[in-house]
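Let me begin by presenting the structure, written as structure tokens, before commenting on it.
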Amino acid sequence: SIALGSVSNFLSKRGFSGQTWILGFGGCCFAAIPFSVLSHRPTADNQFWGPSLVLLYVLQGLGRSVYEGTNRAVFAETFPGPLAAAGFANCMMQASLAFFTSFLLQSFLPLESAARVLSIAVIV
């Protein structure tokens with residue numbers, strides 16, 4: 001979160017302002033997690049990623065900080081004043097629907113297909 005704030009400050013001084021790139025960065029962090037697992041499966045040969053496993057936690061933390069901070073700020077700006085309750089309900093509904101779809105796909109699709117479909121869904 002502090003690192004992302006520092007990067008944001010650095011880029012804003014160079015003309016990159018707005019929240020769009022931050023939201024895109026958070027989405028890329030979340031997308032990198034399943035792509036990492038698909039491209040380089042953890043096995044005994046690679047010691048189940050060993051110390052490299054920390055990278056997944058860093059990506060999750062960066063993505064989550066964008067979701068909890070910037071994403072909610074965008075919803076607050078989009079739905080000001082009396083519309084705030086409806087806006088945040090919309091935010092919660094979107095997250096819940098995404099979780100439901102993810103769990104549904106994981107239970108009905110084979111592992112390889114589910115991983116690819118969910119990876120693409122993260123990007124979209």
Side-chain angles (χ1 to χ4, degrees):
S1 172
I2 293 172
L4 187 58
S6 300
V7 171
S8 175
N9 186 28
F10 174 79
L11 290 175
S12 67
K13 289 180 181 177
R14 284 160 180 68
F16 294 98
S17 61
Q19 299 164 333
T20 305
W21 78 268
I22 296 174
L23 292 171
F25 174 75
C28 288
C29 287
F30 279 138
I33 296 169
F35 283 126
S36 298
V37 174
L38 284 175
S39 66
H40 191 69
R41 288 198 178 272
T43 63
D45 294 336
N46 61 20
Q47 299 173 0
F48 298 98
W49 287 7
S52 301
L53 189 61
V54 171
L55 177 64
L56 296 181
Y57 287 99
V58 169
L59 290 170
Q60 174 68 22
L62 289 171
R64 189 75 182 168
S65 69
V66 169
Y67 174 77
E68 294 295 341
T70 307
N71 185 52
R72 292 187 186 229
V74 168
F75 271 89
E77 289 174 4
T78 305
F79 301 100
L83 298 174
F88 285 106
N90 188 355
C91 180
M92 181 56 76
M93 182 204 58
Q94 290 178 20
S96 299
L97 185 61
F99 276 117
F100 170 75
T101 305
S102 171
F103 294 141
L104 188 70
L105 289 174
Q106 290 178 52
S107 60
F108 289 113
L109 292 176
L111 179 61
E112 288 295 319
S113 298
R116 286 189 176 89
V117 167
L118 293 173
S119 298
I120 292 169
V122 167
I123 294 172
V124 175

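What you see is a predicted model; the values in this text were computed from it and never measured. Counting from 1, the numbers follow the sequence of the chain as shown.
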**Asked** Taking a hydrophobic cluster as the set of Ile, Leu, Val, Met, Phe, Trp and Tyr residues connected by side-chain heavy atoms closer than 4.5 Å, whether directly or through intermediates, do Phe48 and Val37 fall within one such cluster?
**Response** no
**Neighbour count >12 (heavy atoms, 6.0 Å) for atom CD, Gln94** = yes
**Item:** Interatomic spacing from CD in Gln47 to OG in Ser52 - rounded to 0.5 Å
**Value:** 9.5 Å
**Exam field: side chain Trp49 to backbone Val54, donor-acceptor pair closer than 3.5 Å** = no
**Expected output: side-chain Asn71 to main-chain Glu68 donor-acceptor under 3.5 Å** = no
**Prompt:** So, do Tyr67 and Cys29 sit near enough that their side-chain heavy atoms are less than 4.5 Å apart?
**Reply:** no
**Cluster overlap Phe108 with Leu105, hydrophobic side-chain contacts below 4.5 Å** = no
**Single-linkage hydrophobic cluster Leu109~Leu104, side-chain heavy atoms < 4.5 angstrom** = no
**Asked** What is the distance from atom CG of Leu59 to atom SG of Cys28, rounded to the nearest 0.5 Å?
**Response** 10.5 Å
**Asked** In the single-linkage hydrophobic clustering (I, L, V, M, F, W, Y; side-chain heavy atoms under 4.5 Å), do Leu53 and Ile33 co-cluster?
**Response** yes
Give the table of side-chain donor-acceptor pairs shorter than 3.5 Å for residues 95-103, with sequence neighbours excluded, one pair per line with atom names and distance.
residue, atom, partner, partner atom, Å
Ser96, OG, Met92, O, 2.9
Thr101, OG1, Leu97, O, 2.8
Ser102, OG, Gln106, NE2, 2.8

**Message:** Could you report the tightest heavy-atom contact between Phe30 and Gln60, atom names first, then the distance?
**Reply:** CE2-OE1, 3.6 Å
**Request:** Could you tell me which non-hydrogen atom of Val74 sits nearest to which non-hydrogen atom of Thr78, and how far apart they are?
**Result:** O-OG1, 2.7 Å
**Item:** Main-chain N/O of Arg41 paired with Asn46 side-chain donor or acceptor, under 3.5 Å
**Value:** yes
**Request:** Kindly indicate whether the side chain of Phe79, heavy atoms from C-beta on, has any atom under 4.5 Å from the side chain of Asn90.
**Result:** yes
**Prompt:** Can you find a heavy atom in the side chain of Leu62 that is under 4.5 Å from one in the side chain of Phe25?
**Reply:** yes
